[in-house]
Each structure stands twice: as structure tokens, then as C-alpha cells.
Amino acid sequence: MEPWQTRASEFHPYLIASLDELPATLRPVVEEALPPGTVLASGLVVPANYRSDTPEGEPHTVPEQALIFTGDGMWQITAPADTAPSAIYIDPANIRWIRSSHLLLYGRLEIAGATQGQPVLLDIEFNAVGWRQKDQNWRNLVAKCVGLPPLATGSAPAPSAQDRAILQSAPEKFVDGLFKYGMYTGETLHAATFQPAVWEHHLISFDKQLAPDTLIALTNASVLILTEEKALVRRSDELGLLITRIPRQAIAEMQVAAGAHLSEVNFSLARGGVSDRYRLPLAHDAAQAWSSIWAKG
């Protein structure tokens, strides 16, 4: 049987409360990777999953892996396939940015962290059911990352009248996404600006999208950036969201540089002994609006 002929439910991630609940193929790898004395708070098992998400439709298989929450941080442990098993530790105090993909049935989590002054990147793909499986330990880790106390509940907050006023130019899809996937840490929304997609017009061929619909929001603890995937045609209502969280504690400097068609918002990041940059293309007016927001804090 080919992987894509397997029942979809066999690809779904699931939560575990103890190492004994790990599949037999993954348990010895996890036990070997974890430092002695590590106590499991919870875990998310991601079964091996067939994917075909390249433009050419070339298939690849995401190996079996697990996210292990220890209370102090999180491990990504990948089962051996063609290469040796790998283990990546994420310390919330060293996170520079988090990006999550919410695209139909496709989920992806990327975290830029640091270990002993060296950059590490956690990158895991999974069936989007996994977003619903994330438990309180995930939310606690994100809260620690941005310097806030853990919340007692995992329920998503609803936007207040003041929030609605701040987000009045943003489509409801972005408002819902911001509060469902961004504001669950209990942060306070300070300001935001929304940029409709920027297109380059062509008389003969199709128009080219230079930047997708983008919402950039400032809270008391984070910069939250919500975008759609770049569209090939002027119709993107059904596209999902890409959500990037940058802890304010990780931002050393923010600059805006104007280009021919777009401006570039450039975040200089430094945390855990690692420095890098996060770049965001925006229309000139949206970039100016964001620059004013940032200056006011």
C-alpha cells in the first residue's frame, strides 16, 4: 500500500502523557536523546507522513518524530530514516522567532533558538489536526518565550471593542487568526496595521504579487506578523495563514528601508548569544505606518 492510500487518521498527531505511550519505533530514540532525569510534562507524537507540497508535486516523507515538553523547554526528536536520529532542544529564553503555518490540512512549526551560543532551528511538518492537539505546555512555553506568566486556561481570548477599533482595516480572517493563534498568551494589543496584497501589473502576462495580504501587530510582549501565502492570481480568500511571533525581548533594533516597489522592515534580533535578522516586505505606506507604531512603543 502506498503512503497516500493509508487512512488519513493514521497520519494525525496525538498527545501523550508518558514515555510509555510513545510508539515502539520512537521510544528508544527519545529515551536515548533525553538527558538523564528529564521529566516529561507532555508530548506530541507526529507519525511519519507522506507529503507532496512542492510546485512540481514531488513527494517526500516526513519522518516519525515527537515534540517532548519538559516544563523548562521542548525537544524535537526525529526517528532515524536515511540519516541518524536528531534531537533539538528549544529553551524559551533563547527563542528569536516562531513561525506557524495554518494552510488547509498542512501544519508546520518553525522555531529559531540557540544552544550554547549556536543557532538551532526546529522545523516540523504535520497534519493540521496537530494544532488542536497542542496542550497547555505549548502555550506555557510561548508565554515564557515572550516574558509573560503562564495562563491558567488555554481558551482563546475574544477581541474587545478597543481591539476591534485597532483592527478595523483588517479582514475578519486576520482578526480571527490573530486572536486564535497569537493572543492566547494573554498579551495586550497596542497597535496594528494591515497591508492589502501588493501587485505588479503586466499588460501581456499575469500580474505578479510582490507581497501578500499582511497584518503586523504590536503587543506588550511580541510583534505578530500574519500573512497569506503568495498568490499566483488575484484571488486568495481560501488561503490559510502564516503567523510569525517575534518576542520584543529579542529585538535589538528595527529599521525601514525604502526600495523601488516595496519597503523592507528589518528586525535585528539578538538572543542566547545569536544574532540575525528578520526581514518583512511591505508597501511604502504600510511600512511608514509600522515605523510610527514602533516609535510610539
Side-chain angles (χ1 to χ4, degrees), residues 33 44 46 53 62-63 65-78 86-103 106-126 128 130-131 134 137-148 177-178 181-185 187 211-212 214-230 240-256 264-282 290 294:
L44 182 74
V46 178
D53 58 358
V62 177
Q65 51 200 301
L67 295 179
I68 302 295
F69 297 92
T70 62
D72 296 325
M74 179 177 69
W75 290 84
Q76 177 194 18
I77 300 172
T78 305
S86 64
I88 294 173
Y89 178 68
I90 295 296
D91 181 343
N94 293 338
I95 291 175
R96 300 187 307 283
W97 53 263
I98 300 171
R99 181 185 298 120
S100 58
S101 301
H102 308 263
L103 308 172
Y106 177 76
R108 184 179 182 183
L109 174 63
E110 302 164 83
I111 303 178
T115 299
Q116 298 180 343
Q118 297 298 313
V120 295
L121 178 64
L122 181 151
D123 189 349
I124 183 170
E125 299 173 274
F126 48 83
W131 290 121
K134 292 286 181 57
N137 288 299
W138 163 252
R139 291 183 283 273
N140 290 347
L141 182 139
V142 177
K144 288 181 181 179
C145 157
V146 299
L148 294 178
L178 176 64
Y181 299 115
M183 301 293 288
Y184 55 80
T185 55
E187 295 173 54
T214 300
L215 174 67
I216 179 167
L218 181 67
T219 78
N220 59 316
S222 302
V223 172
L224 289 161
I225 303 166
L226 284 70
T227 69
E228 292 180 330
E229 279 193 306
K230 278 192 175 182
L241 289 172
L242 305 174
I243 302 174
T244 301
R245 180 191 300 274
I246 306 176
R248 293 184 65 163
Q249 295 175 342
I251 302 174
E253 188 179 12
M254 193 284 298
Q255 296 179 330
V256 176
E264 182 179 81
V265 176
N266 194 320
F267 295 96
S268 297
L269 308 179
R271 212 173 190 194
V274 175
S275 299
D276 61 2
R277 297 178 184 274
Y278 188 92
R279 296 177 173 88
L280 175 68
L282 286 178
W290 170 252
W294 183 257

Validation row: [X], [Y] side chains within 4.5 angstrom (heavy atoms):
| X | Y | value |
| --- | --- | --- |
| Leu218 | Trp294 | yes |
| Leu67 | Leu109 | yes |
| Ile225 | Trp97 | no |
| Asn220 | Leu148 | yes |
| Val223 | Ile216 | yes |

Which pair of heavy atoms, one from [X] and one from [Y], lies closest together, and at what distance?
| X | Y | value |
| --- | --- | --- |
| Ala87 | Ile77 | CB-CG1, 4.2 Å |
| Thr227 | Pro212 | CB-CG, 4.1 Å |
| Val120 | Ala114 | CG2-N, 3.5 Å |
| Leu141 | Gly73 | CD1-C, 3.8 Å |
| Ser222 | Val146 | OG-CG1, 3.2 Å |
| Arg279 | Pro281 | O-CD, 4.1 Å |

Can you measure from [atom1] ([X]) to [atom2] ([Y]) and round to the nearest 0.5 angstrom?
| X | Y | atom1 | atom2 | answer |
| --- | --- | --- | --- | --- |
| Leu122 | Ile88 | CG | CD1 | 5.5 Å |
| Glu110 | Ile124 | CD | CD1 | 11.5 Å |
| Arg245 | Met183 | CZ | CE | 8.5 Å |
| Met74 | Ile111 | CE | CD1 | 3.5 Å |
| Ile98 | Ile90 | CD1 | CD1 | 9.0 Å |
| Arg139 | Thr185 | CZ | OG1 | 11.0 Å |

Would you check, one step at a time, whether the test side chain to side chain contact (heavy atoms under 4.5 Å, CB included) holds for Tyr184 with Val142? CA-CA 9 Å; Tyr184 55 80; Val142 177; 3.5 Å; yes
Between Asp72 and Tyr89, is a side chain to side chain contact (heavy atoms under 4.5 Å, CB included) present by the stated rule, with each step listed? CA-CA 10 Å; Asp72 296 325; Tyr89 178 68; 4.1 Å; yes
Exam field: side chain [X] to backbone [Y], donor-acceptor pair closer than 3.5 Å:
| X | Y | answer |
| --- | --- | --- |
| Arg271 | Arg96 | no |
| Lys144 | Asp91 | no |
| Gln65 | Pro63 | yes |
| Thr115 | Gln118 | no |

Check Glu187 with Arg248, please: is the shortest side-chain N to carboxylate O separation under 4.0 Å? no
On the 0 to 90° scale, with breaks at 30° and 60°, tag the Trp138-Phe69 ring pair as parallel, tilted or perpendicular. perpendicular
May I ask you to decide if the ring planes of Tyr278 and Phe267 are parallel, tilted or perpendicular, using 30° and 60° as cut-offs? tilted
Evaluate the criterion side chain to side chain contact (heavy atoms under 4.5 Å, CB included) for residue pair Tyr181 and Leu226; output intermediate values, then yes/no. CA-CA 10 Å; Tyr181 299 115; Leu226 284 70; over 6 Å; no
